[in-house]
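Please read all numbers here as calculations on a predicted model, not as lab measurements.
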Amino acid sequence: MMNLRMLQKSPLKAKDLKTFEGLDFFPYDSVFVVKASLKRSPDTEWFNMKTTTDRLSKERVFGILTFELKGKFFELNVYQGQELMQKEGFENYLFLPFLDNTNGTLTYGGGRYIDLEIPDGDTIEIDFNSAYNPYCAYNEKYSCPIVPRENYIDIDVEAGIKAFNK
């Protein structure tokens, strides 16, 4: 039985919590753990990233991640949030939103997110097995950053969390 504290913290709607038995994940696959090179872009401008509501999220491109996955090379922007970097414990937080060919079928249509930390050097490990849905996948009352189109990976990323079936 879920406790009240869990109910208060959950992004799920009350009606969905009644039947909730857990989230569905792809089986862990080490193919989806990649080493990426990070080309930092320290002087990028802050911009307003659109969200699923009227809220705008002040972000900047922290750098460009280049990596190989399933025999193809990809580049993704990794972002840093102006507000979040001011919070204790999140000073080194990086935000990697991405789209792939599973969106709208096996995974949430709006894309998924991966949390990263600023590395000491110029390489960073991306574990797509840790990809998760934004809260708005569970409840439209949440305001979630919309994945920029340039962060599209033209393969099936069958790793991480699957679509939430309401």
>> Please check: side-chain N/O of S57 versus main-chain N/O of G81, any donor-acceptor pairing under 3.5 Å?
In response: no
> Quick one: are F128 and I114 in side-chain contact, heavy atoms under 4.5 Å?
Replying inline: yes
> What's the shortest heavy-atom distance between Q80 and E91, and which atoms?
Replying inline: NE2-O, 4.0 Å
> Of all heavy-atom pairs between D100 and V157, which one has the smallest distance, and what is that distance?
Replying inline: OD2-N, 3.0 Å
> Does any non-hydrogen side-chain atom of D115 lie less than 4.5 Å from one of Y93?
Replying inline: yes
> Other hydrophobic cluster members with F26, side-chain heavy atoms of Ile/Leu/Val/Met/Phe/Trp/Tyr under 4.5 Å, chained?
Replying inline: L106
> How far apart are the closest heavy atoms of L96 and N77, and which atoms are they?
Replying inline: CD1-O, 3.5 Å
> Side chains of T107 and I161: closer than 4.5 Å at any heavy-atom pair?
Replying inline: no
>> How about CG on D54, more than 12 heavy atoms from neighbouring residues, nucleotides or ligands closer than 6.0 Å, or not?
In response: no
Please tabulate, for side-chain N and O atoms in residues 34-42, each donor-acceptor pair with protein atoms closer than 3.5 Å (sequence neighbours left out).
residue, atom, partner, partner atom, Å
R40, NH2, P119, O, 2.7
R40, NH2, G121, O, 2.8
S41, OG, V61, O, 3.1
S41, OG, F62, O, 3.3
S41, OG, G63, N, 3.4

>> Can you confirm whether D127 sits close enough to Y28 that some side-chain heavy atom of one is under 4.5 Å from a side-chain heavy atom of the other?
In response: yes
> So, for T51 and I146, which heavy atoms are closest and what is the spacing to 0.1 Å?
Replying inline: O-CD1, 3.3 Å
>> Quick one, D154 and N101 - any side-chain contact, counting heavy atoms below 4.5 Å?
In response: yes
>> Evaluate Y138 against N133 for side-chain hydrogen bond (donor to acceptor under 3.5 Å, both in side chains), listing each step before the verdict.
In response: CA-CA 8 Å; Y138 309 102; N133 293 327; 3.2 Å; yes
> From C144 SG over to N139 CG, what is the distance, rounded to the nearest 0.5 angstrom?
Replying inline: 9.5 Å
>> Could you check whether Y113 and F95 have their ring centres less than 6.0 Å apart?
In response: yes
> Taking everything shown except E83 itself, do over 12 heavy atoms lie less than 6.0 Å from its CD?
Replying inline: no
>> If you apply the rule side-chain hydrogen bond (donor to acceptor under 3.5 Å, both in side chains), what do you find for D29 with N129, and how did you get there?
In response: CA-CA 7 Å; D29 188 342; N129 294 287; over 6 Å; no
> Residues in side chain to side chain donor-acceptor pair (under 3.5 Å) with D156, at least two apart?
Replying inline: none
> Taking the six-membered ring of Y108 as reference, does the NZ or CZ atom of R112 fall below 6.0 Å from its centre and within a 45° cone about the axis?
Replying inline: no
> How close do M49 and P148 get, heavy atom to heavy atom, and via which atoms?
Replying inline: CE-CG, 3.9 Å
>> Using every non-hydrogen atom in the two residues, find where T53 and S143 come nearest and quote the distance to one decimal.
In response: OG1-OG, 2.8 Å
> Does the side chain of I124 reach to within under 4.5 Å of the side chain of F67, using non-hydrogen atoms?
Replying inline: no
